[in-house]
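For the numbers below, each heavy atom of this structure counts, side chains included, while hydrogens, waters and symmetry mates do not.
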Amino acid sequence: METFPKIISVDDHTVEPPHVWRDRLPSKYADTGPRVVRAPLKDMTFLGGKFAPVMGAKGDDGPIGDWWVYEDLHRPLTRLDTAVGYDRDEIKLEVITYEQMRPGSFSVPDRLADMDVNHVQSALCFPTFPRFCGQTFTEAKDRELGLLGVRAYNDWMVEEWCGPEAHGRLVPLTLIPLWDAELAAAEVRRNAARGVRAVAFSEIPPHLGLPSIHADDWDPFLAACDETGTVIAMHIGSSSRMPSTSADAPPAVGSTITFANCCFSMVDWLMSGKFERFPNLRIMYAEGQIGWIPYILERADVVWEENRAWGGVAEKVHRPPSELFAEHVYGCFFDDAFGLKNLDAIGVGNVLYETDYPHSDSTWPRSREVGEEQMGHLAPDVVDRIVRGNAIELLGLTEDGLWAGA
């Protein structure tokens, strides 16, 4: 392409610096709140979609890494958290320290520099230590500390990661206390008041021991998102259960079918009746790709038409699911030539571009080249909508694609 629009990535990641909670929690939580400890690795496996690291004691043999410690949780930083800049064959499941990371993983100036290299103007970033929708705080024992941890992360995200040093190029994505829908609603409104228009949520909440979206439990949270124009962003893995087939399946199996949870989740939402009850709701599926969407919409429409009398949706879903999708759902991709060839069956207005920096799947520093290769058959105005226009509208950015803040 002669010109390729500056990218607005709706799925990148931040690796939180060690000071995020240390500087923002009351001093009484110094020994229980999230903090970084340097320690050896005793054991680490990733099979059947389950990540299982074991931290060794000081003086033990084993590779040294930086670990987040929170209550009884020990979570190491790994090469998979920040893999960009490494040859594919060098990206292995291993613990690392902050010094072994690419600085753009956690430093705002370095992140902006790496965005420049990759033709990226703006980026929405998901968490690392809290996991993709804040499951870490939901699983913790101390709810008071968990709520403070969520709020501290959100304050850091808005005031520091997306603060003045970012010049509007980093777009805030906040968390909620998933264990209480009323508290979640209050947190959505607190952040919306300072210009935040995206909140992370679980693709399949029951996997976290939480109510499904078919129940009314989430209605206070959904109402807050509906009222404030806050998009609900769901990343693959935000249900703490990556798709797999068996306990001994290698990670490559799950990596191939990562879209599966997005697929299940989207059908949940389309058949829930929530889009008709909350007409301003918008949801997006980060890193879910888009090539699978046309068939699911086709099948959902057939089920709604032929089976709704006994399928449990006749009283709450009054329009074809494909129509609801067109108005409420966004698929996100970074490498999906097949999906782009079937764009008409998905909808130009329902697709967003991403780079997944700094993860192992990231197209950095070739996100522009990948986009040019896969979108070369599309009209320039269509490319512009996919690469930036849809994101600008969805996230309430300025015409220039920047976050304006409160």
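A ring-ring contact (aromatic ring centres under 6.0 Å, His included) with Y70 is found for exactly one of Y153, W21, F137, namely F137. When each of T82, D110, D114 is tested with R102 by the rule side-chain hydrogen bond (donor to acceptor under 3.5 Å, both in side chains), just one qualifies, namely D114. Checking each of F129, F106, F126, W156 against T14 for a side chain to side chain contact (heavy atoms under 4.5 Å, CB included) leaves exactly one that passes, namely W156.
Using a 4.5 Å heavy-atom cutoff, the side chains of R75 and T128 are in contact.
A salt bridge is absent between D180 and R143: the closest approach of a Lys/Arg side-chain nitrogen to an acidic carboxylate oxygen does not fall below 4.0 angstrom. Using a 4.0 Å cut-off between charged side-chain N and carboxylate O, E393 and R385 make no salt bridge. Of the charged side-chain nitrogens involved, none lies within less than 4.0 Å of a carboxylate oxygen, so that D400 and R169 do not count as a salt-bridged pair.
With ring centers used as reference points, H235 lies 6.0 Å or more from Y285. The aromatic ring centroids of F333 and Y353 lie less than 6.0 Å from each other.
For E315, the CD atom sits in a loose shell: 12 or fewer heavy atoms of surrounding residues, nucleotides or ligands are nearer than 6.0 Å. Within a 6.0 Å sphere centred on CG of D344, other residues, nucleotides and ligands contribute 12 heavy atoms or fewer.
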>> Under the criterion salt bridge (Lys or Arg N to Asp or Glu O under 4.0 Å), I'd like the reasoning laid out for D155 against R190: C-alpha separation, chi angles, the key distance, then a yes or no.
In response: CA-CA 10 Å; D155 290 344; R190 182 175 83 96; 3.0 Å; yes
>> Walk me through whether R131 and E139 qualify under salt bridge (Lys or Arg N to Asp or Glu O under 4.0 Å).
In response: CA-CA 11 Å; R131 307 215 300 284; E139 295 167 358; 2.7 Å; yes
>> R277 vs D216, test: salt bridge (Lys or Arg N to Asp or Glu O under 4.0 Å). Steps then yes/no.
In response: CA-CA 11 Å; R277 291 189 56 203; D216 295 334; 3.5 Å; yes
